[in-house]
Amino acid sequence: MNKVVVVIFIFMAHLIGDEAHEIIKKLDENFRGKNIYMKLNMKIVSMGHERVMKMQSYSQGTKKSFVKIIYPPKDEGITFLSLDREMWQYVPKIERIIKIPPSMMLQKWMGSDITNDDMVKQSSIVEDYEPKIIKREGSVVTIELTPKENAPVVWGKITLNIDTTTYTSHKDIFYDEEGKEVRYFIYKDVKKVGNYYIPTYWRVQSSDTEGRYTEIILEEVEYDTKISEEYFTKSALKRFSK
């Protein structure tokens, strides 16, 4: 291979790498905005049984997140707070704040198919992963994310099928550190909210489990509104529980 071909190859690889970073950045910004409020309806299906939960979520950037369960009555008032890389839970029945350690980030959140890490968006796909384009089909680009060195993440690899007309994902597949597929997210019903696009239906399912999955429907979404900083303090866990 002559030097000119090598230079062209390196240049094209650099452009593709930059494109992958730009797509992931736009995807992340499109989902989060400057801040976002959501009211979610979650249905957990397992062995023919269904359980429904409703919650409110307040997020600011990648570092701050507050979640409050508002239904069912037995779980009402349970709150979660994430600040940077730390996470806490408040349980009204025992009037206790519990710190959730990093080792529990892969634990199922409230018995659903999502994890603690998902619920508080602890991992940042922009900061913690290196993206690479591995496939293109029209406007849909498949990007593989691999963890950056020393990144505090729980997944060995993630692949995302991203529609570049709206910068929303159709499907995310998560793999463990040994490269085994663990679970996947499917997203549908994309709606435009202000300047942003967001899927309002999510389905989460383990790759090796049939008959069990979690559905999430976004009932309300508000971007870039004024969210009080009081939500992002440890005192908020108990204060906003009621």
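This is a predicted model, so every value here is computed, not measured.
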Using a 6.0 Å distance limit plus a 45 degree cone around the ring axis, check whether Lys64 lies over the aromatic ring of Tyr231.
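No cation-pi geometry.
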
Flag this pair as yes if the NZ/CZ of Lys157 is under 6.0 angstrom from the six-membered ring centre of Tyr175 and inside a 45 degree cone about the axis; otherwise no.
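Relative to the ring axis of Tyr175, which defines the angle, Lys157 lies inside both limits.
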
[X] side, atom [atom1]; [Y] side, atom [atom2] - distance, nearest 0.5 Å:
{"X": "Leu145", "Y": "Asp128", "atom1": "CG", "atom2": "CG", "value": "10.5 Å"}
{"X": "Lys191", "Y": "Leu218", "atom1": "NZ", "atom2": "CG", "value": "9.0 Å"}
{"X": "Ile23", "Y": "Asp18", "atom1": "CD1", "atom2": "CG", "value": "11.0 Å"}
{"X": "Ile216", "Y": "Met55", "atom1": "CD1", "atom2": "CE", "value": "7.0 Å"}
{"X": "Thr146", "Y": "Lys132", "atom1": "OG1", "atom2": "NZ", "value": "7.0 Å"}
{"X": "Glu219", "Y": "Lys39", "atom1": "CD", "atom2": "NZ", "value": "5.5 Å"}

Determine whether a donor-acceptor pair (N or O, by modelled atom type, separation under 3.5 Å) exists between the side chain of [X] and the backbone of [Y].
{"X": "Asn35", "Y": "Thr225", "value": "yes"}
{"X": "Asp75", "Y": "Pro72", "value": "no"}
{"X": "Ser57", "Y": "Met38", "value": "no"}
{"X": "Asn30", "Y": "Tyr167", "value": "yes"}
{"X": "Tyr223", "Y": "Phe31", "value": "yes"}
{"X": "Asp224", "Y": "Gly33", "value": "no"}

Will you find, in the side chains of Ser139 and Asp163, an N or O donor that is under 3.5 Å from an N or O acceptor?
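Indeed, the side chains of Ser139 and Asp163 share at least one donor-acceptor pair under 3.5 Å.
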
Carboxylate-amine/guanidinium contact Glu215 Lys188, below 4.0 Å
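Result for this pair is no, no salt bridge flagged.
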
Any non-hydrogen side-chain atom of [X] less than 4.5 Å from a side-chain atom of [Y]?
{"X": "Trp155", "Y": "Pro147", "answer": "no"}
{"X": "Pro92", "Y": "Ile78", "answer": "yes"}
{"X": "Ile24", "Y": "Ile162", "answer": "yes"}

Taking everything shown except [X] itself, do over 12 heavy atoms lie less than 6.0 Å from its [atom1]?
{"X": "Arg239", "atom1": "CZ", "result": "yes"}
{"X": "Tyr71", "atom1": "OH", "result": "no"}
{"X": "Lys148", "atom1": "NZ", "result": "yes"}
{"X": "Glu177", "atom1": "CD", "result": "no"}
{"X": "Asn195", "atom1": "CG", "result": "no"}

Check the angle between the aromatic planes of Phe80 and Trp109 and answer parallel, tilted or perpendicular using the 30° and 60° thresholds.
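Tilted, since the angle between the ring planes falls between 30° and 60°.
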
What do you reckon, are the aromatic ring centroids of Phe185 and Phe174 less than 6.0 Å apart?
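So the answer is yes for these two rings.
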
